[in-house]
Structures are given as structure tokens and as C-alpha cells.
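Here is the naming used below: chain letters follow the sequence lines, and residue numbers restart at 1 for every chain.
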Protein chains: 4
Amino acid sequence: MTDTTKPLVISAPEPRTLDLIFTPESLGRLKANYRIVEADPENIAGLDEAILSETRYILGQPPLSAETLARMPALRCILNVESNLINNMPYEVLFSRGIHVVTTGQVFAEPVAELGLALALNLARDVIDADLDFREGRERWGGEGNAGARLVSGSDIGIIGFGDLGRALNRVLSGFRARIRVFDPWMPPSILREAGVEPAPLETVLSESDFVFVVAAVTSENKGFLGAEAFARMRKGAAFILLSRADVVDFDALIAAVESGRIVAASDVYPQEPLAADHPVRRLKGFIRSAHRAGALDSAFKKMGEMVLEDMDLMDRGLPPMRCKRAERETVSRMRSRPVSVN
Amino acid sequence: MTDTTKPLVISAPEPRTLDLIFTPESLGRLKANYRIVEADPENIAGLDEAILSETRYILGQPPLSAETLARMPALRCILNVESNLINNMPYEVLFSRGIHVVTTGQVFAEPVAELGLALALNLARDVIDADLDFREGRERWGGEGNAGARLVSGSDIGIIGFGDLGRALNRVLSGFRARIRVFDPWMPPSILREAGVEPAPLETVLSESDFVFVVAAVTSENKGFLGAEAFARMRKGAAFILLSRADVVDFDALIAAVESGRIVAASDVYPQEPLAADHPVRRLKGFIRSAHRAGALDSAFKKMGEMVLEDMDLMDRGLPPMRCKRAERETVSRMRSRPVSVN
Amino acid sequence: MTDTTKPLVISAPEPRTLDLIFTPESLGRLKANYRIVEADPENIAGLDEAILSETRYILGQPPLSAETLARMPALRCILNVESNLINNMPYEVLFSRGIHVVTTGQVFAEPVAELGLALALNLARDVIDADLDFREGRERWGGEGNAGARLVSGSDIGIIGFGDLGRALNRVLSGFRARIRVFDPWMPPSILREAGVEPAPLETVLSESDFVFVVAAVTSENKGFLGAEAFARMRKGAAFILLSRADVVDFDALIAAVESGRIVAASDVYPQEPLAADHPVRRLKGFIRSAHRAGALDSAFKKMGEMVLEDMDLMDRGLPPMRCKRAERETVSRMRSRPVSVN
Amino acid sequence: MTDTTKPLVISAPEPRTLDLIFTPESLGRLKANYRIVEADPENIAGLDEAILSETRYILGQPPLSAETLARMPALRCILNVESNLINNMPYEVLFSRGIHVVTTGQVFAEPVAELGLALALNLARDVIDADLDFREGRERWGGEGNAGARLVSGSDIGIIGFGDLGRALNRVLSGFRARIRVFDPWMPPSILREAGVEPAPLETVLSESDFVFVVAAVTSENKGFLGAEAFARMRKGAAFILLSRADVVDFDALIAAVESGRIVAASDVYPQEPLAADHPVRRLKGFIRSAHRAGALDSAFKKMGEMVLEDMDLMDRGLPPMRCKRAERETVSRMRSRPVSVN
């Protein structure tokens, strides 16, 4: 028999699963504290009135109509564990009712930042080709193998976008005594200064950096904003590391800039994923490839469950969620990152 | 005509050269402030009495006999820019006369630490093979490519040796919120604690770490002290990153431990350098190879010149050198790192 | 003639004034970018329809009825520069319309944290009475004057409340290698851990600290929650530093605990302000008095203007405010801090 | 019966005592590991040959002649726990024999730095007179009490001298986002930069700082180097905090500068200690007095014992001392700080 005093949660976390985002221990706590109704995300409307009327939380991002929402008077929060907001529910209705929509994408910040730093260090020190050469017996020893090598320590670094990813990058870079400039038009300059970085226009970030990290989300306004002109501004030999979404970049222009030898680059994201077998990026010199695997660590997924539990606990006590990131009325409809279909 | 009021420096920096270790600007300052006598390191004794009697500094590590030193009453310091101390001069004589012997090896600390972190991140995220697979069209996307991937952030880290390299590693790791244990029997525990790390016995460092960095110098006492037993203590899947000298490790045992799949590893140093074309490490899975190139960056060599100038300036003013590292009477004869023959 | 293309701002910042919260340069920018209508806060409803209908921002916290708000269709944000939220407007209406209510109290965090640290250091080292004794010729020299003296470095510190003040305290304490425990039931534990502090129950914070800083806001639930029982839990000789509001403390119990010699204390806030001339706290030994002056620095007020301009700039561009703190639907009605009448 | 296999230590720590500098637990370790011979510091020469011939360490700073030293062939180190080096032994003999002379003054760095910060914060916020006024019923509330108040956060700070005290100050200031300039002619600029501070000439440190901390040791060259000219360079209203020794300052000029209202100041040290009852500094407005009590905390003295034990352990193993500070051949005779006669 179900304990009807426990708050009710509709679970529709696709493409995630409960086992992906909760450790066994966390899943135990979830089940101990909540009634979980596992639902087909395509048919929330088909759930019993008894369920809808008592639902406090939705775990997932199922399509929801205004009518369905009207049947859910107790709803406090939609906890989107896919993390890219899509336009499949009437956000205005949610916001005007004070129902929070939160995402757990922050879990990816640390893994992405670490991979980003790995890519930067690899570009700076040519680690990958040096290992390949060593395998093949062509290695060059000592200083001879270090032509063009340089340090991240003391360098000029640019970060484009200062959300969770940008902050995590700033943190893993904190031991490097670098000068870090940030372009983020959504962020007030004084907040950037408080984080120890310098707010700067995009042009300056591009032209004054040895390493440029791109961690900006795709919006309706910034598609392809980093193109041939941007790469032409960069310092000769500088490194461009793309970590957020391919849509912010003119990828052909990026390839051309690397091919020309002006810059080196690395990317975790691509215009098509998976990528055609004959795509030129596969053989591009001065380029490091990562197959959209920067964030998708098991430990990151497991953190989602922790975040969800912490915020539901706050909301159970009548407090606002603090752990997950809230969708904002002003920007929810500007987001253009495509959701993932595989974890 | 030489300005005999300027202090006299014998220059014998082999295998370095003045152009390697000084920027043009620094070399200008050196020549403006000192009389430089470029000498054959194998024949310091053959220099004119007028030179020997006025020599204040020796730049380099030439062989010196007690007799030659007796002819150099004005000598204040030997600035060894190769940086590995060899037994080619009577150190006791130098120490009892209060002549400093200093080395500039600290310049390598930052480049080595950055490469060390790069190797650790590459092992943790399998960055190199992922790029190679991508080149060949065999890449795995997203979470599927991340089996076994893990974070440095929040991990347990062990550092063996806490000289300049250990400190530089600790600094580049400072944004990673890791728990860092250090084994260094030459270092009082309270100094380690002040540096924010935990002093620990070797066994604990090995058994409780996800990443073990070896940055200990070779001494007469620690040759091969990391062998089969040490690797057996390590956590399954942990990473072993060797950055100082191959002589502290039983290299065959290291290869066996990696081959068995128990641990993964990376190394910048080898029992023979260069290494035989058929050495098994060339094809070893779970191993990243770097050909003794961790420290030898041009920017590091140029810092040597800066250090030398700063310390000579202090000593010119009757002060002790502060910038370079002093050889210690107690340990100078215990050092066993072989000097390099190429830069 | 007014430029009607500029957004309209109703200015009613009492008890602040525009000259208090803006530097001349900032005030110039405000006037260059906005139409400013200075209004009597008690009579917003009496403003012309032409004004109300175009108002984008209200600078201040004037009483507002639902009717008046209905006449303001362009309103995006109420920027409360007094910073204590009072119940003089229908917050539910504002939230359901998506009108932000933001406060600028964060400007006080840094000055309050610095004064808090000054008070802690003064209690730890008896700085004030030592200076007084010295004036009077009764000083004790060296170690004799240090009975009971102790360090903040390496101590156990408790912080009650981890909003802006708690974070600022944590920052100014960052060089002290202290163990910092935090009690804040509104904050998820993982956020505290990410800030480098340990989440802990109130009882532990009280019983395991050498210094307890109280920076919690007053809510409907926590009035007087720190009373005789709390002080009895504290370590003998520990220091209690009250920085937020007197209402969270049973002040008579605090005085009794200090009088008994069990703890020492300092406070910036009092049950009545100003305080009666014969209030016992005036002569209390082991107590440092500050007359609600921890935050009210001119530089802090001037930062309010900067914050307001930064957030209005974001909202002008259709973005959400990021700089000021937003009132939360869930908690706005729980706040019980009395607003100030003097700056 | 004494265990003659244990190393022999002559104990003559005056004005310290073993009970002052060792905790009971540390004293137990000392006695367990060493033979302790408590000696009259004025008569080391009168000790038995059997003792002198076996002495490995001297704990203290007793007068020693060359003859007495010649009778001590096993001597490795003199551990001076008073910490000011005086000219009562032939240092050249010690250095040429490779006998270390070390001091434990570093234990005072943290307490002095904390008091220095307390004094700076008190000057910046007028905490002391505000408390006194409050006691007398003359307090001013809120902003009215804050005329002239300012923050340490974000300020310009100057530090004169960058030994242990300067480093400890830099550490306790690390959460304040201040710009810190340092004048220390004995320190190479690159070491200052690595510590995150800016090397600067004395004139710049004086003229560009809101807070000037003086932590320089007295030497034969710098007596009274901070006089009327120095104070005239300072910013109007800036704070001067003297923490090392009064001899580096022209104290009358300091008093005049404070009396004139140009600067405010605080001092822990005085030209005479104790100070005359009618000394003008006792009544000086804008000045905070501390009676040479910045360092003399019991916890600091107890750390001396720990340092001594750590370094003796290293030397027992044939290693150089790392924990205490070594006297330098070049500078030992330049030191002019008078030793203390009381703890």
C-alpha cells in the first residue's frame, strides 16, 4: 500500500534513467521519501486524475499542455535532467504559477572543464603526436621535441561564456597564474570581476589570448558568431578549444584556419554527430578530436540525482530550489541547444 | 679595454650556452654589469692568474680542483645551470670557504608540472586513443566513449617528493579540490601541512591515491625504490606518472604492472635515453610516452638567465643568493641524477 | 523636451537618495540612459497615467496596490535599494506577472565581513582594552599581556547563515587555514561544500567553534533562536559575533553568558536602536559594541547604484537581472528584518 | 643510567624555558630521543669534556668562544630559540665547520600578521573609539558613525620587508583582493612576483598605499630609514602599521605625522620598552598602541619546540635543517634587533 502522505513525483527522465542518475543509495532515499510514478513521457495527460492532482514534482522533460498543467494544482517544479530546455511545454504558464523549471546541466561543468584543460595542455605541448611518434620510433628527445611548446602558466586566456562551464574552467585554471579575460554579454561586468576574471569585448578576447575556450550556450542570437573573421583576429599559433556546441562556430572556417596553420584547435562538438566517415576534421593536423564525450561521465550523471534530491528537499520545506539551475522567463525561449538522444 | 671595476664571471655553462639561457636583453645586462670570460670547462686551471684571482662567479659546472680553487680567493658562487650536481669539485672546500653552489633546476618545475597534469588528465579521460580512433573513424560518442573515465577533481592524489617539482604540481592542482598526500622523508611534516598537503608514509601514498606523481630526485638511497611491491599496493586502475628520473623506478616492474591492467601509467624518463627501437614500452597499452621533454622549454631555459642575474645582484651587494637553489653540504654527495648532455 | 525613447524609471529610493547611491559619474549615466521621474513614495498611485503606463523600473520600495500595478503594464523590475523586503506590495501579483523584485543588500556583505573579522581579532587578542590600558599607563608588555590570547588561524569557526554575508566572511577568512562549519537550513549541503565549508547542524556549529559568526537574516521562524541553551553549548572562552539582526538572539541571555565569563562577544545590532543610555551592554566586560555601523559605508552605498545600472542594462536587453538579489516567491513573506530609517 | 646512544643536547634556552617552548607531549619526545644536559648559558665552557665532546645540538644562544667550540667536534647545530641573533659566538668558525645556526622566529609570523590585520581594520573602521564612545553613551549610529571609514578589500597595500612576517601578512590578506606592493631589497623581484605581490621601490610603496605594514628587520643599514620624508610621501589618511622593530622608524617623526592628521598609525614596538609614563604616544589621537605583544602567544612558543624537534630529526638522519631559519654568513653580522629579556 502506498503511503499517500509522501509527496508524489512523476518520473519521466528520458533519455536518462533513474539508474543512470541515482546511485543505489540515492535511489533508496528517493523511494523512501517520495511516491514515484514512472510514466510514459509521451502520455502524461493519460495519467490518472488522482496522480496528476497530487503531483508535486516532475522528473524529466515530457511534453506538457496547458490543459494537463491545469490538472496539476500541486505541481511545484519540473526537474529537467536532460538539461537542454526544449519548447514542449507552456513556460509562461509555469512561470506565472510560480512553478520552477530547473536543469541539472551543471554536473557537466567539471568534467568539461577538465577535458578542456587537457586539450589545451595537449595543444600547448603536442602531447598526442609526441606519443604517436614514440610508438613509431620517431620521437625527438628533450628540447628538440619542444619546438613551439609553451606554458599555460602565465599565459593570456580567453573564455567565451561564463556560465557553469566558464566558472569551472576558471577554477581548474586557478593554479596557473594566467590572465583570464571573459566575454559574456549576459553577465554584468562586476560579477566577472568578482570571479577574478576581466570582462572584455569579444574582439579583445580573441586577439589577446593564447588559449580561447568556447563554452557559450547556443541561443537564437549567436549561431555561427565565431567565423573566419574571429579566427583571423587570433594570435598566430594560438589555440581554440570548443566545448559547448558546434552551432556557435562556422566549422568550415575553423577547419580552414587550422589548415592554414594560423591557429591550432580542439573540439568536443561537431555540426553533425556522429560525423561522416570522410569528414576533413578527421585528418586535420593541428587539431584534436573528442567525440562529444567531455561531460558524459558516470560520476556526472550520478550527481544529477543528488542535485534533484537536494532541491526537492528544499521545496518540500517551502523553500526555493538552490542547487539546480532555474530556467529564466526571459531566456528560456532563446535557447537553441539540441537535446541529446544518447547519454 | 675592459672595465676592471666590474665583477668577473667565468662562463662555462656547457651543455647550455649563453644564448640558450639568456634573452638578448638579459645577455645585454649581463655584459653591461660583468666582465665575462668564456672558458673551456675542461681547463679552468689554465686560465690566467689575473683572471682566476679576480673571479667572483663561475657560470657552469666545470671540473675544479682544490688547487684551482685556492687560486680563486674572490670566488663567491658557482652557478650551475645544468642543474644536476656532479662530483667534479671539492664541495667541502667550497662550503668551508662559504662559497655558494647553486642550481637553476627550478625553472623546469612549472613545465614539468603542466606536462604531468596533462598526462594525468589524458590517462583519466583516454584523450589520446580517443583522438586516434576518431582519425580512423572508430570513435565512440558520448558516454559510450567514457567507460573508465574519471575526474581529477575531488580525487585522491599522491606526490612522491616535494621539492620544486612537487610544489609546482601542488600549485597547478590547486583548482581541483583534491586531497593531496605527500611522501618526502627530507621534508618536515609541518612544512608539508603549511603547503596544504598531508604528509604520509610511502605505503599510504601508494595505496590511497587515484593518481601518483613521482617527482623525487635520485639519491644514493632511493634507486629503484618503486618496484613491483609498490605497484601492487596501488588502487586498481590508478595512474602512475613518472616525471623525475627513471632510476627511482624498477621500470620492468612498471611495465609489468601496466601490462597486467592493474594500473595505467605515463613517463617522461627512461632507463636508457634514447630508448631502443624495440623497447616494449613503445607499444604498451595504458601507457603514455614522453621523450624527456617535460622541462626543456625555451622559456624555461631563458628563466635560468634571469635567476642567475638576480642572485648575482644580491651577492654583489653582499647578500646571500635567494633565487637559485643552494647545494647542501649534507646532501650534495648523495645526489645521483645523471646530468644531461643535450638541452 | 524629454526623450520618450528612453526607458522610464520611477525614483523613490527613500531612505536612500540618488546622491547617496550613485557617484556623480553613475548618476550621469543613469540620467543619460533613462527618463527619471522622482516620485513621492507614498503616492505612486497619484502619478500621471502617461508615466505609469510607461514605467519600466521602480527604484525604491514604495507601497504599491494591485490597482496601481495594473496601471503599469511595462513594469519589469522593482529595484529595492533599502534592501529589507517589507510587505507593502502584492508580491504574488508581481511574481505571476514575471516582474522582478530585487535588492541590493549584497553591497553590505564586504564591509560587514571586514568588521566581523575585526571584532573577532579584537576579542581574540584583547586589542581594545590593551590600547585603553596603554593610554592609562597600565599596559602589560609582551607575553604578560597575552593571557587568553589566541589565533584565528587554524581555529574552528562557525558561521550561521550563508547568504551574501556568510560568503563574504568565508572569503576574508580564506587566508586563515581555519576549519569552517556552516549552519544554513536554506542552503543545500553540496553548495556549502563547493564553497569550501562544512555543512553542520546548529548544535555542532555552536559546540565545536572557537568563533561563531551570526549572519542569518531574521525570518518568521528563527526569532530568538539563539538563546541560553545555545550559549551553554559553546566552548568556554569562545567568541560570539553578531552581525545580522538582534532579533535572532535572546539578547538578555547573551549578556548573561558574557557576564558569567563563559564566552566573549561582540555585536553590531541591538534589540532597540538607538539603545537606552543605561543599557547593561554599555559596561559589559568581554563585549565589544558597534552601533549598527558594520555595513553603512559610503563606498557600499555607491555600489548600489552600480548594481542597479548593471541589472537595468541586462533587462533593457531582454535578459534577467543577475547582479542584484531576487526576492523569492517562497520566502519573501517570511522575511522579518525591520527596514532602516537612517542610512 | 643514561643511554649514551642517544644524541646529546645542551639546553640553555634562556630567556625561554623548556616548559615554555615544549608542550608536555613534545617535551616527552625530546627526552625520549635525546640526552638533555641543562646548562648555565654563561658557563658552557665549564661543562665536562665528556659532555662537550658528544654534544650534537645546543638549544639556546649561550656565549661560545672558539676554544669551547673546538672542544665540540660533534656539534651540528645551534638552535636559537630566542630568535634574535647576537654577536656572542664566532659565526665564521661555525659556518666554516658547517655547523648550522638556526632560529625559530617564524613562530611569531602568524600572530604578528593577525594583530597587524586587526590594527589595520581598527584604523580603517575606528573600532576602538567607537566602542569607547558606546560605553560612554556617545556612540553614533549607522552611516553617521562611518565618516572616514574604508575597506581593506580592494585597497592598495604596501608591505616593507618580505621575510616570514611579510609572507604571513600576505597570507592573511589573501581574501581581500587587494593590490599588494612590497619593498624588500634583500629579495629578488621574481620571488615576490611568485608570491603574488608586486616588487616596488620604497617610494612607490609609501606613496601608493592605503595601508603600509612595516615588518622589516633592523639591520646595520636601515636604522631610522622611515622618517619625516617617508610619512610625507604617504597618501592623506593612509594607515601606517609598525610591527617589527621601532629602530627602523624615526618615532618622533611618526608621532608628528599622526598629530598633524596626515596619517593614522598603530605600533607594537617602541624606542624604549617599557615606555615612559608621560610618553606622548599614550594620548595620541589616530594611533593604536600595542605593548610588544603581537607575537608572544603561548601557542607560538609551543611551536618553537615542534620546529626544533623536526629539524633535529632531519639532522639526526644526516639531512640539513629545513624548518627553522638559518643564519646566513653574509647577514648574521648585520642584524641589529635587540634580543628580548622577557618572553
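D:D131 touches chain C through backbone and side chain together, each having a heavy atom under 4.5 Å away. With a 4.5 Å cut-off on non-hydrogen atoms, D:L173 does not touch chain C at all. At a 4.5 Å heavy-atom cutoff, the contact between D:A149 and chain C is made by backbone and side-chain atoms alike. When heavy atoms are compared at a cutoff of 4.5 Å, D:L132 approaches chain C solely by way of its side chain, counted from C-beta outward. Both the backbone and the side chain of D:S153 come within contact range of chain C, judged by heavy atoms closer than 4.5 Å. The part of D:F176 that comes within reach of chain C is its side chain, from C-beta onward, which places non-hydrogen atoms under 4.5 angstrom from that chain. With a 4.5 Å cut-off on non-hydrogen atoms, D:R135 touches chain C through its backbone and its side chain both.
Each of D:D298, D:L117, D:D268 has some count of heavy-atom pairs under 4.5 Å with chain C, and the biggest count is that of D:L117. By number of non-hydrogen pairs under 4.5 angstrom with chain C, the leading residue of D:A124, D:P274, D:A168 is D:P274. Of all the listed residues (C:D278, C:L275, C:N170), the one sharing the greatest number of non-hydrogen pairs under 4.5 Å with chain D is C:L275. Per-residue heavy-atom pair counts under 4.5 Å with chain D were compared for C:A277, C:S290, C:G295, and the maximum is reached by C:S290. Per-residue heavy-atom pair counts under 4.5 Å with chain C were compared for D:L119, D:V281, D:V152, and the maximum is reached by D:V152. The greatest number of non-hydrogen atom pairs below 4.5 Å with chain D, out of C:S299, C:G175, C:A291, is found for C:A291.
D:R150 and D:D210 are not joined by a salt bridge, as no carboxylate oxygen comes within less than 4.0 angstrom of a charged side-chain nitrogen. We find that C:R193 and C:E198 are not joined by a salt bridge, their nearest charged nitrogen and carboxylate oxygen being 4.0 Å or further apart. No salt bridge links C:E208 with C:R179; every basic N to acidic carboxylate O contact stays at or beyond 4.0 Å. Using a cutoff of 4.0 Å between basic side-chain nitrogens and carboxylate oxygens, C:K285 and C:D129 are not scored as salt-bridged. D:E136 has no carboxylate O lying under 4.0 Å from a charged side-chain N of C:R282, or vice versa, which leaves the two without a salt bridge. Using a cutoff of 4.0 Å between basic side-chain nitrogens and carboxylate oxygens, C:R293 and D:E139 are not scored as salt-bridged.
Within a 6.0 Å sphere centred on NZ of C:K302, other residues, nucleotides and ligands contribute more than 12 heavy atoms. Crowding of C:R177 atom CZ: a count of heavy atoms from other residues, nucleotides or ligands under 6.0 Å exceeding 12.
Under the 30°/60° scheme for interplanar angles, the aromatic rings of C:Y270 and D:F134 are found to be tilted.
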